[in-house]
Amino acid sequence: MKRNILIFSLAIILASCTGFIKNDTQENAGWIVSLDEAVALSEKTGKPIMANFTGSDWCGWCKRLKAEVFDTPEFKDWASDNVVLLELDFPRRTAISDELKKQNYKLQREFGVRGYPTIHFFDAEKDGAESYNFKKIAQSGYLRGGATAWIQDANNKLQ
């Protein structure tokens, strides 16, 4: 009996720990975490980049924006037609690589992000080995009204 409890306890601990490790691949389907990949796709498709500066595991407004807008089929359809999705995460409990942290903090400074969620629409052009020229288009964040209101606002900003 004690052995079964021990095995069950270890299984629960292992299962809960796996949720706190985030790798450098896209966690959310359709979202890219690498600026280099996002820029390459943007250049290939001619679509601007939509960067989501988020605190995915601690920011209540970020979670709300994700649930009310980003996880909806309406948003996913809109995004696939209009933008390249780039997630720039600043988690507190989830580990990300030092390379990803460095990239995200550099972009946070570049765009002057002071709170989460912050959304930036921009075009980027490579300027050397590790630097980019950014053409900022618009900024957004959480907006009441769900996916329909958010998409309408984004369309107005992208025109």
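Not measured: the values here are computed from a predicted model.
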List the atom of Thr72, the atom of Ala147, and the distance in Å for their closest heavy-atom pair. OG1-CB, 3.4 Å
Once rounded to the nearest 0.5 Å, what's the spacing between atom OH of Tyr105 and atom CG of Leu100? 10.5 Å
Taking all non-hydrogen atoms of both residues, which atom of Ala149 and which atom of Leu143 are closest, and how far apart? O-CD2, 3.5 Å
Hey, could you give me the CD1/CZ distance between Ile137 and Phe121, rounded to the nearest 0.5 Å? 8.5 Å
Is there a side-chain contact between Asn82 and Ile151, using heavy atoms and a 4.5 Å cut-off? no
Side chains of Thr54 and Glu87 only: does a donor on one sit below 3.5 Å from an acceptor on the other? no
Lys47 NZ: over 12 foreign heavy atoms closer than 6.0 Å: yes
If you count heavy atoms of other groups shown closer than 6.0 angstrom to CD of Glu125, is the number above 12? no
Check Lys136 against Phe122 and note the closest heavy-atom contact, atom names and distance. CA-CB, 4.0 Å
Out of Leu86, Val113, Ile49, which residue meets the side chain to side chain contact (heavy atoms under 4.5 Å, CB included) rule with His120? Val113
Pair Asp98 + Lys102: basic N to acidic O under 4.0 Å: no
Side chain to side chain, Gln108 and Leu88, heavy atoms closer than 4.5 Å: no
Considering all heavy atoms of both residues, which atom of Tyr116 and which atom of Trp61 are nearest to each other, and what is their separation? O-CB, 4.5 Å
Separation between CG (Asp153) and CG (Leu158), nearest 0.5 Å, reads 9.5 Å
Check: Asp89 side chain, Ser56 main-chain N or O, donor-acceptor pair, under 3.5 Å: yes
Are any non-hydrogen side-chain atoms of Asn52 and Phe70 less than 4.5 angstrom apart? yes
Closer than 3.5 angstrom, by distance alone: can the side chain of Gln103 be matched with the main-chain N or O of Asp36 as a donor-acceptor pair? no
Mind running side chain to side chain contact (heavy atoms under 4.5 Å, CB included) on Val83 and Trp78 for me, showing each step along the way? CA-CA 8 Å; Val83 294; Trp78 175 85; 3.9 Å; yes
Rounding to 0.5 Å, atoms CZ (Phe134) and CD (Glu110) come to a distance of 5.5 Å
Does atom NZ of Lys126 have more than 12 heavy-atom neighbours from other groups under 6.0 Å away? yes
Got Ile96 and Asn104 here, is their nearest side-chain heavy-atom distance under 4.5 Å? yes
How long is the span from the CG atom in Asn133 to the CG atom in Asp123, to the nearest 0.5 Å? 11.5 Å
For the student: nearest non-hydrogen atoms of Pro117 and Cys62, plus distance: N-SG, 3.5 Å
Is there a donor-acceptor pair under 3.5 Å between the side chain of Lys157 and the backbone N or O of Gln139? yes
Quick check: does any side chain N or O of Trp58 sit under 3.5 Å from a backbone N or O of Phe90, one acting as donor and the other as acceptor? yes
Distance check, rounded to the nearest 0.5 Å: Thr94 atom OG1 versus Arg92 atom CZ? 12.0 Å
Anything under 30° is parallel, anything over 60° is perpendicular, the rest tilted; go ahead and classify Phe75 against Trp150. perpendicular
If you count every heavy atom of other residues, nucleotides or ligands that lies below 6.0 Å from Gln152 atom CD, does the total exceed 12? no
What residue among Lys76, Lys66, Lys63 forms salt bridge (Lys or Arg N to Asp or Glu O under 4.0 Å) with Asp71? Lys66
